[in-house]
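Structure first, commentary second.
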Amino acid sequence: MQSWLFRFLKGIFIGSGFILPGVSGGALAAVFGLYTRMIAFLAHPFKQFKTDVKFFLPVGFGAIAGVFALSFVVAFVLGAYETPILWLFVGCIVGTAKPLWQQAGLSGRTKKHVFVMAVVALIALFLLQQGAQHFSGSVPQNFGTWMIAGALIALGVLVPGLSPSNFLVYLGLYTPMAVGIREVDFGVMIPVAIGGLLCLASLAKVINWAFAKWYAMLFHIILGVVIASTVMIAPLTATYSLSLVIWSVVGMAFGIWLGAWMSNLEAKHVPV
């Protein structure tokens with residue numbers, strides 16, 4: 001029961017990556033130690049079907065709960081408490097940094113891997129900053145564009161560090177999607193689900209194959225993207241009052257504790 005609840009809580013955080021701008025569900029899956037197993041399951045769903053379904057069921061329930069819960073509160077939270085909440089997520093990533101570093105080195109680590117990680121972090125940070133400054137607009141809301149939104153969400157799972165919500169904001173689909181989920185609008189939810197499933201089915205095998213051949217290099221690339229996306233999440237340019245500084249410090253401290261606590265539970269109770 002403890003492991004089930006633990007994975008459910010992880011799922012809530014991963015689901016938040018579908019709805020919170022600047023947060024990647026794939027990056028959170030990576031920092032919580034679920035990414036490689038999740039990709040292997042998506043690539044070969046029938047290989048260990050019963051075992052994997054049992055393992056990921058609470059994660060899936062948690063992700064759904066996170067998406068629905070956040071669709072109700074996202075406008076209020078991001079409007080009133082955006083800065084402390086974002087610092088909480090930064091803290092979660094910092095709290096899981098050590099186990100993520102260890103996971104990246106499971107098949108060995110050389111100076112080349114560290115160099116690639118640093119270069120990728122710089123390139124990803126530049127691209128994310130350029131995207132935030134220049135990629136904006138809106139598209140019509142129809143079945144096809146909602147499928148595109150679902151595919152973007154799936155890419156946020158498959159590619160750690162990629163925040164689908166950022167792109168949905170740029171396309172003008174973010175708020176309508178959150179409203180559609182909140183109101184259980186099947187005209188939004190069904191095409192989003194179809195687009196996401198098609199993207200997962202078509203790309204999961206490729207990503208799983210690449211990990212089998214180049215695990216260390218790819219995971220260090222992921223680390224670089226996670227570093228860049230964490231910097232992008234951090235509200236460094238916010239205007240801080242004394243109370244906001246206090247709440248931001250509290251949020252980050254709680255996030256660091258929560259990330260470390262989850263990592264310790266992962267090591268003790270949940271087999272990889």
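Predicted model only: the values in this text are computed from it and were never measured. Values below: all heavy atoms of this structure, side chains included; hydrogens, waters and symmetry mates excluded.
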Practice prompt. Heavy atoms only: give me the nearest Leu244-Thr239 pair and the separation to one decimal.
Written response: CD2-O, 3.3 Å
Discussion item. For Phe219 and Tyr35, take the angle between the two ring planes, folded into 0 to 90°, and tell me which bin it lands in: parallel under 30, tilted 30 to 60, perpendicular over 60.
Written reply: perpendicular
Worksheet item: Do the side chains of Met147 and Val192 get nearer than 4.5 Å, heavy atoms only?
Response: no
Practice prompt. First locate atom CG of Leu42, then atom NZ of Lys205, and finally report the distance between them rounded to the nearest 0.5 Å.
Written response: 10.0 Å
Discussion item. Using 0.5 Å steps for rounding, measure from the CZ atom of Phe49 to the CZ atom of Phe41.
Written reply: 6.0 Å
Discussion item. Please determine whether residues Leu152 and Leu197 belong to a single hydrophobic cluster, defined as Ile, Leu, Val, Met, Phe, Trp and Tyr linked transitively by side-chain heavy-atom distances below 4.5 Å.
Written reply: no
Worksheet item: With a cut-off of 6.0 Å (strictly less than), are more than 12 heavy atoms of other residues, nucleotides or ligands near NZ of Lys98?
Response: no
Practice prompt. Would you kindly check if the NZ (Lys) or CZ (Arg) of Arg182 is within the cone defined by 45 degrees around the ring axis of Phe68 and under 6.0 Å from the six-membered ring centre?
Written response: no
Worksheet entry | Within 6.0 angstrom of Tyr240 OH, more than 12 heavy atoms from elsewhere | yes
Worksheet item: With a 4.5 Å heavy-atom cut-off, do Val188 and Val179 have their side chains touching?
Response: no
Worksheet item: How far apart are the C-alpha atoms of Met189 and Val184, what are their side-chain angles, what is the distance that settles it, and do they pass the side-chain contact (heavy atoms from CB on, under 4.5 Å) test?
Response: CA-CA 7 Å; Met189 296 172 64; Val184 194; 4.0 Å; yes
Worksheet item: Do the side chains of Trp214 and Leu203 join up, straight or via other hydrophobic residues, at under 4.5 Å, putting them in one cluster?
Response: yes
Item to complete: Using atom types as modelled and distance alone, determine if a side-chain donor or acceptor of Thr145 lies under 3.5 Å from a backbone N or O of Asn142.
Response: yes
Worksheet item: Linking I/L/V/M/F/W/Y whenever any side-chain heavy atoms sit under 4.5 Å apart, do Leu242 and Trp87 land together?
Response: no
Discussion item. For the CZ atom of Phe8 and the CZ atom of Phe13, what is their distance to the nearest 0.5 Å?
Written reply: 12.0 Å
Worksheet item: Would you say Cys199 and Leu155 make side-chain contact, with heavy atoms under 4.5 Å?
Response: yes
Worksheet item: What's the shortest heavy-atom distance between Pro140 and Leu173, and which atoms?
Response: O-CD2, 4.4 Å
Discussion item. So which atom in Pro235 and which in Thr83 form the shortest heavy-atom distance, rounded to 0.1 Å?
Written reply: CG-CG2, 3.7 Å
Worksheet entry | Note: Lys47-Asp52 ion pair, threshold 4.0 Å (strictly below) | no
Discussion item. I want to check something: taking the side chain as every heavy atom from C-beta on, are Met177 and Gln141 in contact at a cut-off of under 4.5 Å?
Written reply: no
Practice prompt. Please answer: with hydrophobic residues joined when any side-chain heavy atoms are less than 4.5 Å apart, are Phe186 and Ile148 in the same cluster?
Written response: yes
Worksheet item: Hey, does Leu34 have a side-chain heavy atom less than 4.5 Å from the side chain of Lys10?
Response: yes
Worksheet item: Ala124 and Ala228: which non-hydrogen atoms are nearest, and at how many Å?
Response: CB-CB, 3.6 Å
Fill in: Test item: His220 and Leu223 side chains (from C-beta on) under 4.5 Å apart, heavy atoms
yes
Item to complete: Would you check if Met38 and Val157 make a side-chain contact, meaning some heavy-atom pair closer than 4.5 Å?
Response: yes
Worksheet item: What closest approach, in Å, do His113 and Met217 show between heavy atoms, and which atom pair accounts for it?
Response: CD2-CE, 3.5 Å
Worksheet, complete the sentence: Interatomic distance, CD1@Ile207 vs CG@Leu158, rounded to 0.5 Å, equals 4.0 Å
Worksheet item: At what distance, to the nearest 0.5 angstrom, does CD1 of Ile39 lie from NE2 of His44?
Response: 11.0 Å
Discussion item. Please evaluate residues Arg109 and Val114 with respect to the criterion side-chain contact (heavy atoms from CB on, under 4.5 Å), reporting the C-alpha separation (whole Å), side-chain torsions for both, the decisive distance (0.1 Å), and the verdict.
Written reply: CA-CA 8 Å; Arg109 177 184 291 117; Val114 177; 4.0 Å; yes
Worksheet entry | Reported CG-to-CH2 distance for the pair Asp185 and Trp146, which is rounded to 0.5 angstrom | 8.5 Å
Item to complete: Could you check if a side-chain atom of Phe55 sits within less than 4.5 angstrom of a side-chain atom of Arg37, using non-hydrogen atoms only?
Response: yes
Practice prompt. Please check if Ile227 and Leu122 belong to a single hydrophobic cluster, counting links between Ile, Leu, Val, Met, Phe, Trp and Tyr side chain heavy atoms closer than 4.5 Å.
Written response: no
Item to complete: Indicate, with yes or no, if the rings of Trp257 and Phe254 have centres closer together than 6.0 Å.
Response: yes
Worksheet item: Is NZ or CZ of Arg7 both nearer than 6.0 Å to the six-membered ring centre of Phe56 and within 45° of the ring axis?
Response: no
